[in-house]
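Structure first, commentary second.
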Amino acid sequence: MMPPLSNNAGSAFSGSRLTPSQQKAVFHREGPLLVIAGPGSGKTRVITFRIAALVDAGVPARNICAITFTNKAAEEMRSRAIALGASGGAHISTFHSLCVRILRRFAEDAGVRPNFSIYDQADQTKCMKQAITTCELDTTNFSPGRTLDAISTLKNKLIDADVFKDQADDFFSKMLSRIYCRYQQILAELNALDFDDLLLKTAFLLERHLDTCSELGNRFKYLLIDEYQDTNHAQYRIAKALVSSHNNICATGDPDQSIYRWRGADIRNILDFERDWPDATVVRLEENFRSTPQILEVADRLIANNESRKAKRLVPTRPAAGEVVIESYEDETGEALGLAQSIRQSIDKGVSAPDIAVFYRVNAQSRVLEEALIKSKISYQIVRGVEFYNRKEIRDLLAYLKVLVNPADEVALGRIINTPARGIGKTTIDRIRGYASRTNKTFYESLKVAGRIESLSKSASARVEQFVRMMDGFTKDISGPVGPLAERVFTESGLEQSLIAAGPDSRDALENVGELISAAASYDQQTEKPLIVDYLQQIALFSDTDVYDTSAKRVALMTLHSAKGLEFDTAFIVGVEEGLLPHERSAEDGDEIEEERRLFFVGITRAKTNLHVSFAKYRQIRGQLLRIIPSQFLFELGLGFSESIAQSTIESRQSAVENSESQILNRQSTPRFRQGDIVVHKKFGLGTVKEFADMGDNSIIVVAFNSGEVKSLKVKYARLAKI
DNA sequence: GCGAGTTATGTTTTT
DNA sequence: CATAACTCGC
């Protein structure tokens, strides 16, 4: 029996003030616990304290497993728990990271090899394209993206390819089933798992191998899951299995902040918690310690418009302060400049840059904002970390490492076999592929015996052999530290040389690789037994916010989705317009509108003191200037919206006018041209119209430019002006 | 086998 | 308009 949990005088956290409900959650003993926690209610703090309280009551830290939404959140929770006296033994990570660990440990039962590659969207798309073409299906009906989405949805519901095969009855499902099977087959051959597989394989492992399940249940005697409203069915089943022997599950979340339905998140998980665990203790944290009453009022009024929701109040505890304003601008450039101006004013008023954040609905919005911030000399960081790992030079270098760890990874292998160019082209690769399938060897095995492949020329097989020799040389270092290996691969593969040879354009690229190598080196230092397998599997699961540098003295720019879990003194939400927030793609469906509203709600409730919401009246969308309607959500804030338009428009005019005027003039229907017209193009200069195919919006024009070039262009995109 | 140049295509949010 | 994918000529 463990001693009772209590607010012991001697414990490290007893000095901190906790409200009665917070205490109830923190010191809850055994059995299921649901914490419904509004924004800013100290939810993360409660979880951290709970970990410390359990340890304080004698639970070995290693028997505690806490699941966070991002790796960054896990990292923070880890260090805070340690500060509270819970030694570092607790397992704190994301669902996906936990799954990787479990799958590595019980690889055989799970039916995977421990050195599996983790495929991101780009890798998945490659496999999917192959799957679709080998199924001899038309890609117009089955686009890789759409098909992957469909399969992801199935996987999140734990419907694997075999099960789906049996339940597919209509034509479309049968085709989808064929692709699904083929896609899984390809992944299996390449020893690769996609993100959804990590969850699915773990869930099946736990449900089908009861010994493993009980071993893990024994190891993790307490399971705490944060952001439970955004878990999907697979994650629910994993959780359910993990706690099946003791029911010590603690889930925390807020149904009003569920913003990942499109990714398979199932809000029923949190709504049905009490049905799943009937003896659950439910604690509500409704006091808000983050935001001013004004901000909370606005948030409250907005979210009250969602119909499928249980009413919940946001109870303010802070005194009134700051401001909540709606700003209107002529166009997106005006908005960006106005934003920069407001940020400048906030800084002048004493708000420090890292306490300011800008949120937007889609990443594409960030560009104009960046330009304006640069112009205004405001230093900022875009919280979009995975971008770094998507850069060509980084992907190239990582692909080498992936092949060393998992030679079956043909997506990675295909990327590097001729990068940098070493004379192994398409023909050679096709011939080796042919040999591989004839002899039932893997592609990599076939590379090793290139000399024996008759269809290959002497020189071709020599080049292949040289490649294999090089890779074998690297393989010798595979169990050593990651940094030095990455550096060695970069130099000896010729990647470095090819970047240097490419001239000054690739200075950034070289710098990026340098950054990767030092990141790897610091991983080596921080890790007891650094392993390239672990490293690759870890960085595959990085999220945007994981690279958010909270210590930087810069304004943060991020999507509303990334903003989840964060807080800032002053928040700007830009582009609050019909089509953007709510996004046009969610317009069809009432449920999706509600999710967009929750997204806005999440954004608003990130602000502690000042909230600025803005929209533009015109916006360039995909090259076209469109008249924009302010978001319906703005009216729901109850700020006397129409008055504020009038007021702020006057203010914003000065800054917006110079940029918007010229663009509004362009806002005419697609212009017409005649043969012989002299035109000017932004990039190509002067030219004469050779042909004009009048197709309304889709008109095509052929212009002979004075540079000698003849181009056929789409009139609506090419900004041509008649002279 | 390689690169330049043309053509197709897309267009939310992300672990 | 931006970029990915593809074609064609060397």
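All chains are named by letter (A, B, ...) in the order of the sequence lines, taking the proteins before the strands, and each is independently numbered beginning at 1.
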Interatomic distance where CD1 belongs to A/Ile238 and C1' belongs to B/dT15 [whole Å]: 12 Å
Touch class at under 4.0 angstrom, heavy-atom based, for A/Asn418 against every strand present: sugar-phosphate
Those residues that, when tested against A/His561, pass ring pair (Phe, Tyr, Trp, His ring centres under 6.0 Å) (two or more places apart): A/Tyr260, A/Trp262
Pairing residues for A/Phe601 by the ring pair (Phe, Tyr, Trp, His ring centres under 6.0 Å) criterion, not counting sequence neighbours: none
Candidate list A/Asp396, A/Asp123, A/Asp409, test salt bridge (charged side-chain N to carboxylate O under 4.0 Å, His left out), partner A/Arg415, passing option: A/Asp396
5' priority, DNA chain B, between A/Arg422 and A/His561 [closest heavy atom]: A/Arg422
Any residue meeting side-chain contact (heavy atoms from CB on, under 4.5 Å) with A/Ser366, in chain and number order, not counting sequence neighbours: A/Tyr360, A/Glu370, A/Ile382
Pairing residues for A/Asp266 by the side-chain contact (heavy atoms from CB on, under 4.5 Å) criterion, not counting sequence neighbours: A/Arg268, A/Asn269
Pairs meeting criterion salt bridge (charged side-chain N to carboxylate O under 4.0 Å, His left out) with involvement of residues 190-203 of chain A, two or more places apart: A/Lys155-A/Asp194, A/Lys155-A/Asp197
Given DNA chain B, 5'-ward residue of the pair A/Glu595 and A/Thr428, judged by closest heavy atom: A/Thr428
pi-stack flag for A/Trp262 and B/dT12, centroid dist under 5.5 Å, interplanar under 30°: no
Touch class at under 4.0 angstrom, heavy-atom based, for A/Phe95 against every strand present: nothing
Centroid distance under 5.5 Å and plane angle under 30°, A/His96 vs B/dT15: no
Partners meeting side-chain contact (heavy atoms from CB on, under 4.5 Å) with A/Asp149 (sequence neighbours left out): none
Might you list the N or O atoms of the protein lying below 3.5 Å from N or O atoms in nucleotides 4-6 of chain C, with each pair's distance?
| from | atom 1 | to | atom 2 | distance (Å) |
| --- | --- | --- | --- | --- |
| C/dA5 | OP1 | A/Lys129 | NZ | 2.8 |

Set of ring pair (Phe, Tyr, Trp, His ring centres under 6.0 Å) partners for A/Tyr180, sequence neighbours left out: none
Kindly give the atom pairs (protein nitrogen or oxygen, nucleotide nitrogen or oxygen) under 3.5 Å for nucleotides 7-10 of chain C.
none

Sugar-phosphate only, base, or nothing, as touched by A/Ala364 at under 4.0 Å among non-hydrogen atoms: nothing
